[in-house]
Number of protein chains: 2
Amino acid sequence: MTAGDWSVPETEVLDAVGDAIDDHHAVLATVVDVVGNAYRRPGAKMVVADEGDGIGSITAGCLEDEVLAIAEDVVAEGRPHVEQFDLTGDDDVWGLGVGCNGVIDILLEPLDDSYRPVVDAYERGEDIIVLTVIESGASDARRGDRAYATRADGSLSFDASGWPDWLIDALEDPATELLAAETSDSLEFEHDGERVEVFVDAVTAPPELVIFGSGHDVAPVADLGSRVDFRVTVASFRGAAATSDRFPDADRVVSTSPATIRETLDFDENTYAVVMTHNFVDDHIALEELLETPVPYIGLLGPRERFEEIRDELRDGGVELSEEDLDRIFTPAGLDLGGGTPFHIAQSVVAEVTAIRFGREPTHLTEREGHIHERPSLE
Amino acid sequence: MTAGDWSVPETEVLDAVGDAIDDHHAVLATVVDVVGNAYRRPGAKMVVADEGDGIGSITAGCLEDEVLAIAEDVVAEGRPHVEQFDLTGDDDVWGLGVGCNGVIDILLEPLDDSYRPVVDAYERGEDIIVLTVIESGASDARRGDRAYATRADGSLSFDASGWPDWLIDALEDPATELLAAETSDSLEFEHDGERVEVFVDAVTAPPELVIFGSGHDVAPVADLGSRVDFRVTVASFRGAAATSDRFPDADRVVSTSPATIRETLDFDENTYAVVMTHNFVDDHIALEELLETPVPYIGLLGPRERFEEIRDELRDGGVELSEEDLDRIFTPAGLDLGGGTPFHIAQSVVAEVTAIRFGREPTHLTEREGHIHERPSLE
């Protein structure tokens, strides 16, 4: 497989799953368990399409080729299969902890219509939990059995025909927690002396990045945003020349007006907005409209003084920004990374949106773990 | 012009300048002065090639088309021209401060061999200052006169035949400062009642990003790194399958061995290293070699424990890391932005390298300017 197919955004992997369901000879490989450090975590997926090509990554590249070979057998046998790779003996070669180490369990399954609800939910922008029996000593569950759970009125709603009630009961709490944490994991349950292992895969809807503007500088933001798994919408105003071929990395390009953005687009807690119209009036109105939505991030390009001018105009119109409003307005948008080219600016903005999405403080990882100096000498 | 041509990395703009010199009908447009806020700063360049297409950005897209039109006249007249755009009256439409505001002076010049030394220096990875007379009331200087300055033994060496001595003397100190700050600016001088304005353009060599590794995960780092103006080298070990077509975004792909990287490659203060071989022994040796070079950044992928194991092995070999060594080792490499896909990891690493390159603390820009809350109300 090529590096390009390996490093596609997660959104494209799910798109590829959708495309591959119909060809009836595709296999989905999913990391279901990891002991030790790994490059990818449980839930990482690779689609093996009809031609034997892989799309997506399950390790740092150490197991992909082996898994492609095993996928052929899975197609031939037509049954799900869990393969365990124990790389702990490879310490000398692969080293400690960067992906090619530890014990990694990978579920390989013929890709069929049982995965369709997942693709559909993802497409609709809804979270879904995919439940798969990995191992079973129970008479009423067998490897490959599949169920789903979605959010409904604050709890989970299960679509799990044929699954024993005791197992659903046991799954409810941990599945709720995993979904909240956007994490996938394999869980073991025992009932009447029978042991069942279920992989709980929280397939969360991709975050939306809505970029307001139609200037050239929008394209690099759409480009970088799409690479880190945002579904990107470019929203231009007053019929500005915002066509899809000007923004090839955007998932969609819409034409609207600042005052009607809430009618044209959906804004929820999973939507991140970047306002860069270069037009004072448009930015002003768009900001005012966005504050009526629950979006957690409103990035406004330009110097702080520009925002303060907008704020003054809002005040003149009787709108006083609350603390909650101010907490989600980022202006000037972006992290302080330096550089002045269009891609520098886009990198700064997309890195900031990513950090907000994952609830991180954008410090150096090396500092987060405590400065190297502070570690007591082992000698 | 297309958004893609507008947002090309600065490295590609300089490459395009080199290509365009030979066609004798190309024009170089350079921002030489800005009053007020602007999207791009002085020194930003757009090449207008023979066919009238622009490559590079000089504003947020507000003036590019106008400049393309003026470029035709410059070709016809064969003389440099400075055009001033006063956008201060456009406040209502363009708003305060995001690129389409303020007064912007743009130098348009027929691109000829007088720009060759700049392209050559850039290609060699050397800084160069380009001096251009913008306005002159003096008899011994006229618009378009060109000179160069390069670093030599701690001071500047001028290549400025025909330029009056008084002007070179006056330029030396400010040009030295601008080069150190990687900044370009227009400067005014007076001598015997005659006024001369010179644009001092610090064209600094692009930073080098050397990625050690040959896994799939190298490709996204090369991709993002090249977009933010690094010249990217992928260095693979032991003849691993590292060919240019696996890493299309790398400027070069070299095969070497960990112990001989200093023989194969040049490492200076403008080189940033990311070590991601996934091989403990290779990472260990590469790190030890890199510490013998003056590189300001050594990013090591993987958990902290892995570095500590390498550190222990270095100790066993009699190598104790100094404070200075530890200050440039970043492990785990990257900013804490969250996410676990290959592009998330690459984004985190490239954002960190960018921040180190520009000497920034990667906080939110909105925090750097003082939290919005803290501003006293204007009412």
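None of the values given here were measured: they were computed from a predicted structure. Below, each value reflects all heavy atoms present in this structure, side chains not excepted, and no hydrogens, waters or symmetry copies.
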Going from [atom1] on [X] to [atom2] on [Y], what distance comes out if it is rounded to the nearest 0.5 angstrom?
| X | Y | atom1 | atom2 | value |
| --- | --- | --- | --- | --- |
| Thr59(A) | His278(B) | OG1 | NE2 | 8.5 Å |
| Gln347(A) | Asp229(B) | CD | CG | 10.0 Å |
| His344(B) | Phe358(A) | NE2 | CZ | 4.0 Å |

Using non-hydrogen atoms only, which part of Leu321(B) is less than 4.5 Å away from chain A: side chain, backbone, both, or neither? neither
Contact class of Leu300(B) relative to chain A, heavy atoms under 4.5 angstrom: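 No part of it gets close to chain A.
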Hey, is the main chain of Phe330(B) close enough, under 3.5 Å, to the side chain of Thr366(A) for a donor-acceptor pair? no
N/O donor-acceptor pair under 3.5 Å between Arg40(A) side chain and Gly340(B) backbone: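 Yes.
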Counting heavy-atom pairs under 4.5 Å to chain A, which of Gly359(B), Pro362(B), Ala355(B) comes out on top? Pro362(B)
Options Thr354(B), Val350(B), Leu224(B), ranked by heavy-atom pairs under 4.5 Å with chain A, top entry: Thr354(B)
Is [X] close to chain B through its backbone or its side chain, or both, or neither, when contacts mean heavy atoms under 4.5 Å?
| X | value |
| --- | --- |
| Asp223(A) | side chain |
| Ile310(A) | neither |
| Val13(A) | neither |
| Arg368(A) | side chain |
| Ala346(A) | neither |

Heavy-atom pairs under 4.5 Å with chain B - which of Asp282(A), Val218(A), Ile345(A) has more of them than the others?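 Top option by heavy-atom pairs under 4.5 Å: Ile345(A).
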Best-contacting candidate, Glu352(A), Arg227(A), Arg41(A), against chain B by heavy atom pairs under 4.5 angstrom: Arg227(A)
Looking at side-chain heavy atoms only, is the closest gap between His364(A) and Ile356(B) below 4.5 Å? yes
Can you confirm whether Leu337(B) sits close enough to Leu335(A) that some side-chain heavy atom of one is under 4.5 Å from a side-chain heavy atom of the other? yes
For a quick test of reading the model, state the closest non-hydrogen atom pair linking Leu365(B) to Pro332(A) and the distance between them.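 Smallest heavy-atom distance, with atoms named: CB-O, 3.4 Å.
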